[in-house]
Amino acid sequence: MIRRNSSIIWLPWAICAPALWAQTIIFQHATIIDVTGAPAREDVSVTIADGRIASIRAGSAAEIPGARVIDATGKFLIPGLWDMHVHLDAQGTAIPALLANGITGIREMYTGIPIATLLAWRAKSENPRIAVSGFLDGPLLRTSGVPPDAFAVASADEAVFAVDALASRGADFLKVYNDLPREAYLAIAQESKRLGIPFAGHVPEAVSPLEASEAGQRSQEHLINILLSCSTREEELRKERIATMNDPAISGQQRMLRLGFPDPEGLFDTYDQAKAAALFKTFVKNSTWHAPTLALLSGYLADKNRARKMTYMQDLSPEEFDSWIGRISALLERYKKLVGDMHKAGVEFLAGTDTGPSTPVVPGAGLHDELELLVESGFTPLEALQTATLNPARYFGKLRDMGTIDVGKVADLVMLDANPLEDIRNARKIEMVVLRGRVISEPAPR
């Protein structure tokens with residue numbers, strides 16, 4: 001039986017840096033953005049060797065034979081970015097776009113790609129670091145066929161078996177989903193804790209966000225049922241959602257729409273500040289992280305032609321489509337307010353986009369959309385940047401190796417043309433990307 005230290009999430013990609021891949025690079029006269037909140041370090045030189053940051057010194061660095069020297073005067077260095085909610089396709093076609101947008105690490109939230117395949121992909125030096133999940137859902141999963149490294153569990157015993165199996169196959173964490181029965185979910189929580197493997201994902205309909213936090217769910221995605229849990233009609237609304245989940249008369253596409261984009265009527269106007277404060281306090285107490293994926297909702301609004309091509313939108317009449325777009329727009333505005341309130345209460349956030357084959361989020365660019373939406377929600381540019389740099393390192397328990405630009409840490413860096421702390425949109429102005437100590441993206445020679 002596999003046992004892991006439950007206080008640390010051990011992820012091999014956090015330290016792998018093959019020597020044959022790495023270069024010796026010197027960035028001269030750069031400004032380092034310190035995502036801890038300390039002042040930026042101006043006019044410094046950063047030396048990279050063997051895949052790690054070897055030195056940081058004021059002014060010019062000592063010459064090293066064979067090193068590539070990059071004049072970074074007027075440029076800004078930030079840690080490599082993480083998109084903490086990604087769905088890759090079977091060919092990994094999004095990877096170049098992710099890297100070009102400064103994303104050097106992803107949390108792959110399950111798309112049916114076998115664990116063994118993802119482990120092979122992340123072993124390749126040219127690919128981003130990948131945190132790999134196994135998948136756990138309830139009996140509904142069986143109606144559409146159970147994909148690789150996924151389990152449809154209906155009982156506590158089946159849940160324990162599934163957790164053990166996925167841990168033995170090399171999953172870094174377990175993705176939980178909407179249809180999990182309450183008994184099975186609680187068994188997943190207990191067995192995951194025993195093995196020291198985190199579980200994260202959707203909060204199942206049979207469990208409240210507060211209960212999921214108390215059970216130890218490491219992160220909650222998409223703000224699922226947060227507003228519901230703050231409603232004076234919580235019990236009634238939850239019963240309605242469970243009925244929708246189990247209604248055999250509706251299609252899978254309709255179920256996805258109704259549960260993914262809840263009706264604002266009776267939800268927005270029953271929000272209770274006291275219930276919200278108690279819920280947010282629980283999240284803070286249990287160090288429950290949230291990936292709101294605001295970019296997902298924004299994606300439907302930004303490109304309606306792209307949104308129309310989504311499987312669950314294709315068969316809608318023009319009137320139905322417009323109605324759903326209107327609902328999504330209202331949800332986005334309310335969710336931004338919710339995220340801002342949670343943030344003020346001390347709840348921790350991760351930048352994730354839900355980019356994937358079945359969403360309208362553009363790979364790579366979607367993360368920058370998310371950072372900008374977080375700023376619109378009340379984050380400072382620094383706080384937004386932390387959700388894609390410092391916070392993922394803290395989430396994974398790997399701050400010693402990543403998350404900031406410091407000597408000894410892995411050399412995953414992005415060089416920008418402008419200061420992202422002045423305007424988070426400057427994080428899009430990417431001049432160069434370094435992954436595992438090697439330049440993997442830069443402008444073509446002029």
Side-chain angles (χ1 to χ4, degrees), residues 85 178 202-203 205 208-209 220-234 236-245 250 253-273 275-277 279-280 290-345 347 349 351-355 358-362 366 369-379 384:
H85 197 119
N178 301 56
H202 293 201
V203 174
E205 298 299 333
S208 74
Q220 298 183 15
E221 314 299 304
H222 314 305
L223 304 173
I224 292 174
N225 287 341
I226 302 295
L227 287 178
L228 183 150
S229 293
C230 300
S231 170
T232 55
R233 298 178 57 210
E234 178 180 4
E236 175 189 351
L237 293 173
R238 179 164 286 111
K239 286 180 180 178
E240 290 177 2
R241 286 180 65 87
I242 292 173
T244 298
M245 171 66 71
I250 64 174
Q253 287 83 2
Q254 279 295 314
R255 183 178 294 110
M256 182 178 295
L257 282 171
R258 295 181 191 181
L259 295 179
F261 309 120
D263 190 349
E265 186 174 349
L267 183 63
F268 290 6
D269 59 353
T270 59
Y271 186 83
D272 184 273
Q273 295 285 357
K275 291 190 70 175
L279 179 61
F280 302 163
H290 284 265
T293 63
L294 299 173
L296 173 62
L297 301 180
S298 177
Y300 287 97
L301 307 178
D303 188 342
K304 293 180 182 178
N305 289 329
R306 183 180 174 92
R308 202 68 164 99
K309 296 175 183 178
M310 299 298 104
T311 304
Y312 38 87
M313 294 283 194
Q314 289 176 350
D315 296 331
L316 298 176
S317 70
E319 294 77 17
E320 289 172 327
F321 177 76
D322 289 343
S323 177
W324 280 109
I325 290 297
R327 179 182 293 193
I328 290 169
S329 178
L331 285 169
L332 176 58
E333 291 308 307
R334 185 62 186 89
Y335 282 173
K336 286 196 290 186
K337 172 69 165 60
L338 176 63
V339 166
D341 290 342
M342 293 169 68
H343 177 56
K344 290 175 186 175
V347 178
F349 284 89
T353 64
D354 207 19
T355 186
S358 63
T359 78
V361 181
V362 178
D369 294 337
E370 185 74 8
L371 298 183
E372 291 162 19
L373 288 162
L374 290 173
V375 170
E376 291 177 21
S377 301
F379 288 55

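In plain terms, the two heavy atoms of Ile224 and Val203 that are nearest each other are CG2-O, 3.8 Å. Across every non-hydrogen atom of Phe379 and Phe349, the tightest pair is CZ-CD1, 3.7 Å. The minimum heavy-atom distance linking Ala291 with Glu221 is given by the pair CB-OE1, 3.2 Å. Taking every heavy atom of both residues into account, Ser208 and Ser229 meet most closely at CB-OG, 4.4 Å.
For the pair His343/Ser377, no side-chain contact is recorded, criterion being any heavy-atom separation below 4.5 Å from C-beta on. Side-chain contact between Leu228 and Glu234: present, with at least one pair of heavy atoms (C-beta onward) separated by less than 4.5 Å. Pro292 has its side chain within reach of Glu370: a pair of non-hydrogen atoms, C-beta onward, lies under 4.5 Å apart. Under the 4.5 Å side-chain criterion, counting only non-hydrogen atoms from C-beta, Gln253 is not in contact with Gln314.
Going from atom CD1 of Ile226 over to atom CE of Met342 covers 5.0 Å, rounded to the nearest 0.5 Å.
With hydrogens and angles ignored, the 3.5 Å screen pairs a side-chain donor or acceptor of Arg308 with a backbone N or O of Leu316.
Checked against side-chain hydrogen bond (donor to acceptor under 3.5 Å, both in side chains), Arg306 has no partners two or more places apart in sequence or in another chain. By the side-chain hydrogen bond (donor to acceptor under 3.5 Å, both in side chains) test, Glu376 is found to be paired with Lys336, residues two or more places apart in sequence or in another chain being considered.
Under the 3.5 Å distance criterion, with hydrogens and angles disregarded, a donor-acceptor pair is assigned to the side chains of Asn225 and Glu205.
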